[in-house]
Amino acid sequence: MNSHKQIHILAIESSCDDTSAAVLRGTTLLSSVIASQEIHSQWGGVVPELASRAHQQNIVPTVDAALRQADISLSSIDAIAFTRGPGLLGSLLVGTSFAKGLSIARHIPLIEVNHLQGHILSHFVDLPDTAKEHPSFPFLCLLVSGGHTQIVLVTSPSDFQIIGTTIDDAAGEAFDKCAKVIGLPYPGGPHVDRLAASGDPTAFKFAKPRIPGFDFSFSGLKTSFLYTLQKLPSEPKKEDVCASLQKTITDILMDKLVKAARHFGITDIAIAGGVAANSGLRNAVAAEGQRHGRRTFIPELKFTTDNAAMIGIAGYYKYLNGEFAPLDLPPTARM
Ligand code: KG4
Ligand code: ZN
């Protein structure tokens, strides 16, 4: 332990359809509260206007609950970290405006956080009284969510180099769009995962892209998925379709991740983002680690989907660097 004062960060995340707040003491998570928005499932996707309205309803009770669960008052908070983007602008505005209001009212400095960097740094969030290994720098992170698919070379908590990205759909989108074709509810990723457990992953062959370098493409898979199912003489077993789809997406992701790890001579590999909850991908990453002596970092399920703990840890590292945000900083949908 050092003799420095412990830094307390209040973090706010509102980039998509979950309103979330967390409190960290240093790198240790004291509380994390997530208000999920059920309203969107009936529309088959996130409706931006409904999302921002729900954020407005949820933000005060969510922040309040996070402070109470951490058993801490606002006067002990050293900085407020908020998600500046990327995400839905209306949703980001709610969290950003709330953070600014609180900052003015209580004279607490602000820290802006890039949502994607938050996903990556979620690997550094510690839980109270629990020893946890962190990735060593430099490490590679496969960031897979509903909106992004990237391989990021992380050389420090503030240095992120995107070395591969999708040229069309994100991995989560591929799961969700294919799931929709076979009548699964939105978001389809978790349903595909569940059904895949009792299916045959070799039942169907879907097209894999041939993209040079470390970039990804998923639009061809979607077309091949549709085409294959249309040609079938009878209704296929959903479990087999899901298992084959999950295997294909996992293979596409692992191919490039392993290629990048070899190219850069990296031993530590991590995954992050909503699709990092997928059991096929988690197993494949763990197996790759065992086969080739790599250290692998697979997040706990609660840190895969959007949460404020990851915004808090990113905010903590920025606090240490003295990187504060001005009050007139606008949220941004793309970063
Ligand atoms: O990171 P996230 O919560 O939100 C974004 O920032 O996009 O990711 C949501 C995505 C959705 O596409 C969802 O279908 C996918 O993550 N997802 C999964 C699983 N759990 C969530 N995809 C496959 N298998 C899962 N178990
Ligand atoms: Zn996310």
Side-chain angles (χ1 to χ4, degrees), residues 11-20 22 32 34-37 40-41 44-46 48 51 82-88 91-92 95 113-123 141-150 152 165-166 169-182 184-197 199 201 216 218 221-222 241-254 270-285 298-311 313-314 333-335:
I12 295 168
E13 148 67 35
S14 71
S15 65
C16 189
D17 60 341
D18 292 320
T19 321
S20 170
S32 172
I34 301 179
S36 297
Q37 303 179 1
H40 306 287
S41 63
V46 176
F82 67 95
T83 305
R84 184 185 177 203
L88 301 170
S91 293
L92 291 164
V113 171
N114 175 318
H115 178 85
L116 301 175
Q117 295 179 0
H119 269 301
I120 294 170
L121 294 176
S122 64
H123 284 284
C141 186
L142 173 69
L143 174 61
V144 270
S145 72
H148 295 85
T149 304
Q150 300 177 340
V152 183
T165 187
T166 181
D169 290 350
E173 250 177 311
F175 270 110
D176 297 342
K177 286 181 177 171
C178 292
K180 194 172 180 183
V181 171
I182 55 170
L184 298 175
Y186 178 88
H191 296 281
V192 171
D193 196 352
R194 177 175 46 84
L195 291 169
F216 300 98
F218 288 99
L221 165 62
K222 197 179 57 198
V241 175
C242 289
S244 304
L245 175 67
Q246 179 164 300
K247 171 88 168 63
T248 310
I249 294 178
T250 301
D251 286 352
I252 295 172
L253 293 171
M254 288 307 293
I271 54 173
V275 180
N278 185 263
S279 52
L281 179 61
R282 295 168 79 89
N283 292 338
V285 170
I298 299 166
E300 274 184 68
L301 288 180
K302 66 176 178 218
F303 291 134
T304 59
T305 42
D306 292 346
N307 63 85
M310 68 189 201
I311 303 305
I313 189 80
R334 294 173 178 278
M335 276 180 103

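Indexing begins at 1, ligand by ligand and atom by atom, following the structure's order. Reckoned from all heavy atoms, side chains included, excluding hydrogens, waters and symmetry mates. On a predicted model such as this, the values are computed, not experimentally measured, just so you know.
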Taking only heavy atoms of [X] into account, list the atoms of ligand 1 that are under 4.0 Å away from them.
X: Gly172; result: 12 (O)
X: Gly146; result: 5 (C), 7 (O), 8 (O), 9 (C), 10 (C), 12 (O)
X: Asp193; result: 24 (N), 25 (C), 26 (N)
X: His115; result: 6 (O)
X: Ala277; result: 20 (N), 26 (N)
X: Ser145; result: 1 (O), 5 (C), 6 (O), 7 (O), 8 (O)
X: Asp306; result: 1 (O), 2 (P), 3 (O), 4 (O), 6 (O)
X: Gly147; result: 7 (O)

Protein heavy atom at shortest distance from [atom]:
atom: atom 24 (N) of ligand 1; result: Asn278 ND2, 3.0 Å
atom: atom 21 (C) of ligand 1; result: Gly274 O, 3.3 Å
atom: atom 22 (N) of ligand 1; result: Gly189 CA, 3.4 Å
atom: atom 12 (O) of ligand 1; result: Asp176 OD2, 2.7 Å
atom: atom 15 (C) of ligand 1; result: Val275 CG2, 3.9 Å

Does [X] come within less than 4.0 angstrom of ligand 1, counting non-hydrogen atoms of the residue?
X: Pro190; answer: yes
X: His119; answer: yes
X: His148; answer: no

inquiry  = I'd like to know if the Zn ion (ligand 2) has an N/O/S atom from Cys16 within less than 2.8 Å of it, counting both backbone and side-chain atoms.
reply    = no
key: Residue His148, metal the Zn ion (ligand 2), N/O/S under 2.8 Å   = no
message = So does Thr305 get a backbone contact from the side chain of Asn307, meaning a donor-acceptor N/O pair under 3.5 Å?
response = yes
query = Looking only at atom types and distance, does a side-chain atom of Asp176 sit under 3.5 Å from a main-chain N or O of Gly189, one as donor and one as acceptor?
reply = yes
inquiry  = How wide is the angle at the Zn ion (ligand 2) spanned by His115 NE2 and Asp306 OD1, rounded to 10 degrees?
reply    = 90°
query = Mind checking whether Phe218 and Phe216 have parallel, tilted or perpendicular rings, split at 30° and 60°?
reply = parallel
ask   = CG of Asp306 to OG of Ser15: how many Å apart, nearest 0.5 Å?
value = 4.5 Å
query = How close do Pro86 and Arg334 get, heavy atom to heavy atom, and via which atoms?
reply = CB-CA, 4.1 Å
